[in-house]
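Beneath this line is the structure, given in structure tokens, with notes to follow.
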Amino acid sequence: MGFTYYLDNKLLDLVFSNTAYTIPSTLYIGLSTKAPTQAGGNFTEPSGNGYARVAVTNNSTNWPAASNGAKSNANAITFPQATGSWGTVTHFGIFDAATNGNLLAWGALSQSKAISAGDTPYFAAGSLTLNLS
């Protein structure tokens, strides 16, 4: 999992120059069929067939306290059921908006998955882990 330069810069400015950063009250989890870049590019989401980012309220109920430089989702994150092919998803991303917006962090899935009609992709509780170490 990696943070994008966008988030790296916001966090560095917050901690080391006390420059305010408005933390999103909702985070949006997306899927990608290509490997993103740290600059935030190349994140290629499925188009159509029921695909949409999943909104997750950004609070300690959904994202409990970090431990040893890591934080995981407390609840399942479930995408809409696919109504057609989404292609093979290889990565996930966390955004600050339902569409467009800034990619904050991303990571490779432990296993790529071809999403077909009828599939309902999800991250089980504790399976989407963000770490700084």
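As a basis for the values below, the full set of heavy atoms in this structure was taken, side chains included, without hydrogen atoms, waters or symmetry mates. These numbers come from a predicted model, not from an experiment.
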>> Tell me every residue that passes ring-ring contact (aromatic ring centres under 6.0 Å, His included) with Y28, counting only those two or more places apart in sequence or in another chain.
In response: none
> With sequence neighbours left out, what residues match F92 under ring-ring contact (aromatic ring centres under 6.0 Å, His included)?
Replying inline: F123
Would the distance check show the side chain of [X] and the main-chain N or O of [Y] forming a donor-acceptor pair, the cut-off being under 3.5 Å?
X	Y	value
N42	A35	yes
N49	T83	no
D119	P121	no
Q81	T120	no
N73	S127	yes
T4	A39	no
S32	T44	yes
T57	N59	no

> Looking just at side-chain N and O atoms, do S72 and T129 make a donor-acceptor pair shorter than 3.5 Å?
Replying inline: yes
>> Can you list, by chain and residue number, the hydrophobic cluster partners of F16 when the side-chain cut-off is 4.5 Å?
In response: L12, V15
>> Which Ile, Leu, Val, Met, Phe, Trp or Tyr residues join L14 in one cluster when any pair of side-chain heavy atoms under 4.5 Å counts as a link?
In response: none
> Can F95 and I29 be said to form a side-chain contact (heavy atoms from CB on, under 4.5 Å), step by step?
Replying inline: CA-CA 6 Å; F95 291 84; I29 314 305; over 6 Å; no
> Can you tell if the side chain of Y5 reaches within under 4.5 Å of the side chain of T37, non-hydrogen atoms only?
Replying inline: no
> Under 4.5 Å between any side-chain heavy atoms of Y122 and F79, yes or no?
Replying inline: no
> Among pairs that include at least one residue of residues 54-77, which meet salt bridge (Lys or Arg N to Asp or Glu O under 4.0 Å), considering only residues two or more places apart or in two chains?
Replying inline: none
>> According to salt bridge (Lys or Arg N to Asp or Glu O under 4.0 Å), does anything in residues 43-60 pair up with another residue at least two apart or in another chain? List the pairs.
In response: E45-R53
> Just wondering, more than 12 heavy atoms not from Y21 lying within 6.0 Å of its OH?
Replying inline: yes
